[in-house]
Amino acid sequence: MTIVYAVILFVLLIFPHELGHFIVAKAVGVKVNEFAFGMGPAIFKRQRGETLYAVRLVPIGGYCAMEAENEASDDDRAFSNKPWWAKISVLLAGATMNVLIAILVLSIIMGYVGSATTSIEKVQEASPAYEAGLQTGDKILAVGDRSITSWQDLTTAIGKSEKPLAIKVERNGEELTFTAKPQKGEDGRYVVGITPEISHNVFTAMQNGSKATWNMTVMMFDMLKQLITGDVPSSEIAGPIGMVTMVNETTNYGITYFGYLIALMSLNLAILNLLPIPALDGGRILFVFIRMITGKMISDDLEGKIHAAGMVLLLGLMVFATWNDITRLFT
């Protein structure tokens with residue numbers, strides 16, 4: 001099952017990325033010679049118009065082969081002959097798809113797990129809330145002079161207070177106020193003995209999924225900064241073997257943890273792919289701007305050679321990451 005989950009992970013990372021390039025390339029009139037699902041020998045091919053569509057043996061990722069990506073061409077529809085805005089649109093599309101995958105996966109998780117509302121699902125017997133008169137179905141509006149718009153607001157308002165609190169609720173269209181004195185819970189925080197109703201609303205899940213994606217992105221930029229400054233050692237860089245190990249670890253905890261891993265890796269791919277490094281989409285975007293300024297000082301062939309050199313460096317980094325993975329397996 002680890003192998004199956006690992007294949008699913010790599011497919012969801014790479015194929016949507018290439019699909020993004022393909023969709024936008026077609027939209028802006030770039031000639032696409034081949035669009036493939038998977039890698040290796042083709043097990044299915046079909047020519048439709050100018051594009052060969054293929055399914056290949058190894059079901060990991062895919063690719064979008066555009067005309068003259070790294071060389072000069074006389075074809076007006078070649079990628080290298082398109083205006084700057086079209087090139088950047090195509091190059092950004094891959095990372096954009098990875099971000100959308102992260103939002104989608106996290107939204108599904110949020111919808112499955114649900115989100116706490118400000119309405120009461122259960123009042124524990126003999127609790128401060130029970131003694132005060134709070135009931136199932138009450139919607140909490142305010143605690144003291146603090147308005148409550150989320151369950152987090154409520155736990156924050158109650159969690160540090162040992163004094164009696166005025167809790168305003170809405171019950172059957174009527175606003176009522178009750179006074180409850182919080183008691184210290186097992187974790188040291190103060191509670192009144194209520195649990196929230198859980199919402200599985202699609203729109204709330206999408207909103208929470210988008211927020212979670214943003215928070216994860218901020219965290220990843222912070223990790224990248226720490227890696228650059230040396231606060232995080234380079235030995236922490238993981239390659240394909242490390243990713244499979246993470247798949248094995250997360251699936252042991254359940255499908256939702258695997259979903260978080262998909263979102264994390266998808267965002268990781270989006271961010272790293274937009275770094276201004278030759279061979280990556282970010283490096284290609286950088287060259288679009290450089291060539292807008294320098295004109296014909298840099299030819300298509302020269303740019304292609306620079307990206308080829310960048311690919312060699314990236315392969316070297318991959319070897320280094322794989323060595324880290326192997327080292328961790330035996331330590």
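The structure presented is a predicted model; accordingly, all values stated were derived computationally and were not measured.
- Summarising the geometry, atom CZ belonging to Arg146 is positioned 10.5 Å from atom CD1 belonging to Ile158; distances are rounded to the nearest 0.5 Å.
- A donor-acceptor distance shorter than 3.5 angstrom exists from the side chain of Thr117 to the backbone of Glu197, with no hydrogens or angles considered.
- A distance of 10.5 Å separates CD1 of Ile285 from CG of Leu280, quoted to the nearest 0.5 Å.
- Environment of CD in Gln47: crowded, with over 12 heavy atoms of neighbouring residues, nucleotides or ligands closer than 6.0 Å.
- Without hydrogens or angle criteria, Arg189 side chain to Thr155 main chain gives a donor-acceptor distance under 3.5 Å.
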For this session: Mind running side-chain contact (heavy atoms from CB on, under 4.5 Å) on Lys163 and Lys181 for me, showing each step along the way?
Result: CA-CA 6 Å; Lys163 298 180 180 179; Lys181 186 178 185 300; over 6 Å; no
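- Put simply, the side chain of Phe35 does not reach to within 4.5 Å of the side chain of Leu52, judged on heavy atoms.
- Within the 3.5 Å criterion, the main-chain N or O of Ala270 finds no donor-acceptor partner in the side chain of Asn273.
- A donor-acceptor contact shorter than 3.5 Å is absent between the side chain of Arg284 and the backbone of Pro278.
- To the nearest 0.5 Å, atoms CG (Leu12) and CD1 (Ile101) are separated by 6.0 Å.
- A donor-acceptor pair is defined here as one N or O able to donate and one able to accept, closer than 3.5 Å; no such pair exists between the side chain of Glu18 and the backbone of Gly20.
- More than 12 heavy atoms of other residues, nucleotides or ligands sit less than 6.0 Å from atom CE of Met216.
- In this structure, the side chain of Asn268 does not engage the main chain of Leu264 through any donor-acceptor pair within 3.5 Å.
- Between the CE atom in Met39 and the CZ atom in Arg56 there is a gap of 8.5 Å [rounded to 0.5 Å].
- For the pair Leu92/Leu274, a side-chain contact is recorded, criterion being any heavy-atom separation below 4.5 Å from C-beta on.
- Looking only at atom types and distance, the side chain of Ser127 has no donor-acceptor partner in the side chain of Glu131 under 3.5 Å away.
- Residues Ile255 and Leu261 fall within the same hydrophobic cluster, defined by Ile, Leu, Val, Met, Phe, Trp and Tyr side chains chained together at heavy-atom separations under 4.5 Å.
- Transitive grouping of hydrophobic side chains (ILVMFWY, heavy atoms separated by less than 4.5 Å) keeps Leu286 and Val312 in distinct clusters.
- In summary, of the residues considered (Glu67, Glu50, Glu69), a side chain to side chain donor-acceptor pair (under 3.5 Å) with Asn33 occurs for Glu67 alone.
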Exercise. Given the rule in the side-chain contact (heavy atoms from CB on, under 4.5 Å) test, do Val90 and Met66 qualify, once you have shown the distances and angles that lead to the verdict?
Worked result: CA-CA 10 Å; Val90 173; Met66 295 177 285; 3.7 Å; yes
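- Listed for the Arg77 side chain is a donor-acceptor partner under 3.5 Å among the backbone atoms of Gly29.
- Put simply, the side chain of Met265 reaches to within 4.5 Å of the side chain of Leu9, judged on heavy atoms.
- Each of Leu141, Thr156, Asp153, Val169 was checked for a side chain to side chain contact (heavy atoms under 4.5 Å, CB included) with Ile148, and the lone residue meeting it is Asp153.
- Looking at heavy atoms from C-beta onward, Tyr53 lies out of side-chain contact with Lys45 at the 4.5 angstrom threshold.
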For this session: Tell me, with the steps shown, if Met97 and Leu19 meet side-chain contact (heavy atoms from CB on, under 4.5 Å).
Result: CA-CA 8 Å; Met97 284 292 285; Leu19 181 61; 4.2 Å; yes
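- No more than 12 heavy-atom neighbours from other residues, nucleotides or ligands sit within 6.0 angstrom of OH on Tyr130.
- Put simply, the side chain of His21 reaches to within 4.5 Å of the side chain of Asp281, judged on heavy atoms.
- In summary, the aromatic rings of Phe287 and His307 are positioned with their centroids under 6.0 Å apart.
- You'll find the ring centres of Phe44 and Phe37 outside the 6.0 Å limit.
- Side-chain atoms of Glu34 and Tyr63, non-hydrogen and from C-beta on, do get closer than 4.5 Å to each other.
- Remark: side-chain polar atoms of Ser266 are paired, donor with acceptor, to backbone N or O of Asn98 under 3.5 angstrom.
- The closest side-chain heavy-atom distance from Leu154 to Thr118 is not below 4.5 Å.
- Considering every non-hydrogen atom in both Ile198 and Ala116, the closest pair reads CD1-CA, 4.0 Å.
- Atom OG1 of residue Thr213 and atom CG of residue Asn208 lie 10.5 Å apart, to the nearest 0.5 angstrom.
- Taking the side chain as every heavy atom from C-beta outward, Leu106 and Tyr260 approach each other to under 4.5 Å.
- A donor-acceptor pair under 3.5 Å links the side-chain atoms of Asn81 to the main chain of Asp75, judged by distance alone.
- With hydrogens and angles disregarded, no donor-acceptor distance shorter than 3.5 Å links the side chain of Arg171 to the backbone of Asp138.
- For the atom pair NZ of Lys26 and SG of Cys64, the computed distance is 8.5 Å after rounding to the nearest 0.5 Å.
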